[in-house]
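Since the model is a prediction, treat every value here as computed from it, not as a measurement.
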Amino acid sequence: MPYEFTSELYEWSARDNWFFVDLPFSVSDAITAMPLVPGGFGSVKVEATVGHVTWRTSVFPDDKRGTFVLPIKKEVRARNSLVAGSPVDVTLEVVR
């Protein structure tokens, strides 16, 4: 089941040039409720689409934010003219 949402792009404060968007709590809760075996660091494999770019990656739980976060790689940011603070329209599907 694909999830669609809009979230603000931000740069991770612990490391330059790493950018993420937060998943809405409802999407994060739905993923947490799935019978999945989490990967390293509690990650969950997903297929994400932003604009015309679709790629496979993982979402990661962020205890401070209380939700999963999705890394937005440089190619995706460049092809969609995204900078920190930009709203990002995401379609996300868990890959089993």
Side-chain angles (χ1 to χ4, degrees):
M1 174 174 146
Y3 301 98
E4 295 182 359
F5 59 90
T6 301
S7 188
E8 185 177 316
L9 182 70
Y10 63 90
E11 188 171 8
W12 188 26
S13 60
R15 195 142 189 204
D16 290 343
N17 295 315
W18 286 48
F19 290 82
F20 295 88
V21 295
D22 293 343
L23 275 62
F25 295 117
S26 59
V27 175
S28 185
D29 291 346
I31 292 171
T32 299
M34 290 181 181
L36 301 170
V37 177
F41 304 105
S43 64
V44 175
K45 293 181 182 181
V46 297
E47 182 174 270
T49 301
V50 172
H52 298 291
V53 182
T54 299
W55 76 104
R56 292 230 171 161
T57 188
S58 295
V59 292
F60 300 87
D62 185 319
D63 292 337
K64 286 184 181 178
R65 293 178 176 277
T67 189
F68 279 97
V69 296
L70 171 68
I72 306 293
K73 61 186 187 171
K74 183 178 181 177
E75 174 191 359
V76 175
R77 296 191 318 269
R79 290 183 59 191
N80 289 284
S81 301
L82 299 173
V83 296
S86 294
V88 181
D89 296 325
V90 179
T91 301
L92 186 88
E93 190 158 2
V94 173
V95 177
R96 294 180 185 228

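- Closest non-hydrogen pair, W55 versus P71, comes out as CZ2-O, 3.7 Å.
- Nearest approach of R65 to V69, heavy atoms of both residues: CD-CG1, 4.0 Å.
- Among residue pairs with one or both ends in residues 26-37, those qualifying as side-chain hydrogen bond (donor to acceptor under 3.5 Å, both in side chains) are S28-T67; sequence neighbours excluded.
- When all heavy atoms of S86 and S81 are compared, the pair lying nearest together is OG-O, 4.4 Å.
- For the residue pair G42 and P61, the shortest heavy atom distance occurs at O-CD, 3.3 Å.
- Shown here for N80 and G51, the closest heavy-atom pair between the two residues is OD1-CA, 3.3 Å.
- Residues meeting the side-chain contact (heavy atoms from CB on, under 4.5 Å) test with V95, sequence neighbours left out: K45, E47, R56.
- In this structure, Y3 and V90 have side chains that are not in contact, with every pair of non-hydrogen atoms separated by 4.5 Å or more.
- Partners of W18 according to the side-chain contact (heavy atoms from CB on, under 4.5 Å) rule, which considers only residues two or more places apart in sequence or in another chain, are W12, R15, F20.
- For S7, the side-chain contact (heavy atoms from CB on, under 4.5 Å) criterion is met by F5, V21, D22, not counting sequence neighbours.
- Scored by the side-chain contact (heavy atoms from CB on, under 4.5 Å) test, N17 finds E11, F19 as partners (sequence neighbours excluded).
- Expressed to the nearest 0.5 Å, how far CG of L70 lies from CG of L9 amounts to 10.0 Å.
- Within the structure, the salt bridge (Lys or Arg N to Asp or Glu O under 4.0 Å) test picks out no pair touching residues 87-96 (sequence neighbours left out).
- Transitive grouping of hydrophobic side chains (ILVMFWY, heavy atoms separated by less than 4.5 Å) brings L82 and V59 into a common cluster.
- Put simply, V50 and V46 are part of the same group of oily side chains (I, L, V, M, F, W, Y) that touch within less than 4.5 Å, one to the next.
- With values rounded to the nearest 0.5 angstrom, I72 atom CD1 is found 10.0 Å from Y10 atom OH.
- Side-chain contact between L92 and I31 is present, with heavy atoms from C-beta onward closer than 4.5 Å.
- In terms of hydrophobic clustering, with Ile, Leu, Val, Met, Phe, Trp and Tyr side chains grouped at heavy-atom distances under 4.5 Å, M34 and V44 are assigned to a common cluster.
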